[in-house]
Amino acid sequence: MPSLGVNIDHVATLRQARYRETPDNPNAEPDPVTAALIAEKAGAVGITAHLREDRRHIQDRDIFLLRKKITTKLNLEMGISEDILHIAFQIRPEDVCLVPENRREVTTEGGLDCVAHDKTLRSAIARLHDVGARVSLFIDAEEKQIAAAASLGAEFIEIHTGSYANKFGEERATELEKLRRGAAFALSLGLRVNAGHGLNYENTKPILALPGLEELNIGHSIISRAVTVGLETAVREMASLIAAG
Ligand code: PXP
């Protein structure tokens, strides 16, 4: 059964909407670290946070506090910049998910290009391994990318489910089949498989049938649902949905 990693970025988005200049102000709320502890209590097996170069949501203090306080595991999502790599080397997360980053995007839009960035990725992966992190590459379910990811020495790929999530009806079924073939190909090359992006309470169930799927990283829909039912309930509902398969 796949497990649930909860992405808490959008708790920080809400805080930054009011406290962009002063995230340490005692009034600054909501606190993503408190949210992470609630998510753990409600069944998350890990906490994911994306420290973006533009610091639009998660801040450095959040990452350092998460490292100290969470008791499951930290999955640091990051682009490959020296600045963020140095933070990763200091905090030594259990997992790192490398993603492409573009300052103009609203959220991560596509997967990494493991072919074009072979050299940079290879070096970042080796340096992250040196501090004990397992590395996952966030990629589209394309054979070329999966084969390149396998050659780079990362343990995991995280299959980008965004285009599956944004299609409906037959088009969604076609996307699901692409994800299924991609996961099977990755497993055949010795990669481990996670998935995420755009998953919600309506579209997650079919994803659970992907071969070898270990972890789903879900953020926006859980944090959105938490506004109406509370975070603990929102995480419990998603964890039960996954457990029910
Ligand atoms: N996985 C990766 C690599 C992501 O970039 C994101 C978005 O930050 C997620 C999972 C979670 O996506 P969502 O917030 O749409 O659930």
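Atoms within each ligand, like the ligands themselves, are counted from 1 in listed order.
Geometrically, Arg225 engages Tyr201 in a cation-pi contact, judged by NZ or CZ lying under 6.0 Å from the ring centre and within 45° of the ring axis. Judged by the 6.0 Å distance and 45° axis criteria, Arg172 is positioned over the aromatic ring of Tyr164.
In the vicinity of Gly219, heavy-atom distances shorter than 4.0 Å reach the ligand 1 atoms 13 (P), 14 (O), 16 (O). Here is the list of ligand 1 atoms found below 4.0 Å of a heavy atom in His220: 13 (P), 14 (O), 16 (O). Those atoms of ligand 1 with a heavy atom of His197 less than 4.0 angstrom away are 4 (C), 5 (O), 6 (C), 7 (C), 10 (C), 12 (O), 15 (O). Close approach to Val99 involves these atoms of ligand 1, each under 4.0 Å from a residue heavy atom: 3 (C). Atom numbering of ligand 1 starts at 1 in the shown order; those under 4.0 Å from a heavy atom of Ile218 are 16 (O). Of all the atoms in ligand 1, the ones that sit under 4.0 Å from a non-hydrogen atom of Asn217 are 10 (C), 11 (C). Applying the 4.0 Å criterion to heavy atoms of Gly198 picks out, from ligand 1, the atoms 12 (O), 13 (P), 15 (O), 16 (O).
Between Glu158 and ligand 1, an N or O atom pair is found at a separation short of 3.5 Å. The shortest N or O to N or O distance between His10 and ligand 1 is not below 3.5 Å.
A salt bridge links Lys167 to Glu175: one of the charged nitrogens lies within less than 4.0 Å of a carboxylate oxygen.
Ring geometry for His10 versus His220: interplanar angle over 60°, hence perpendicular rather than tilted (30 to 60°).
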side-chain hydrogen bond (donor to acceptor under 3.5 Å, both in side chains), that's the test. Do Asn75 and Thr48 meet it? Break it down for me.
CA-CA 5 Å; Asn75 176 26; Thr48 298; 3.1 Å; yes

Going through the distances and angles, do Thr72 and Glu40 end up as a side-chain hydrogen bond (donor to acceptor under 3.5 Å, both in side chains)?
CA-CA 7 Å; Thr72 54; Glu40 288 185 317; 2.5 Å; yes

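The part of Glu77 lying near ligand 1 is the side chain, judged by heavy-atom distances below 4.0 Å. Of all the heavy atoms of Asp9, the ones lying under 4.0 Å from any atom of ligand 1 belong exclusively to the side chain.
By the 4.0 Å heavy-atom criterion, Ser221 is excluded from the residues contacting ligand 1.
Screening Arg67, Arg52, Arg55, Arg15 against Asp62 for a salt bridge (Lys or Arg N to Asp or Glu O under 4.0 Å) leaves a single residue, Arg15.
Inter-residue side-chain proximity for Leu191 and Phe156 is flagged as unmet; no heavy-atom pair is nearer than 4.5 Å.
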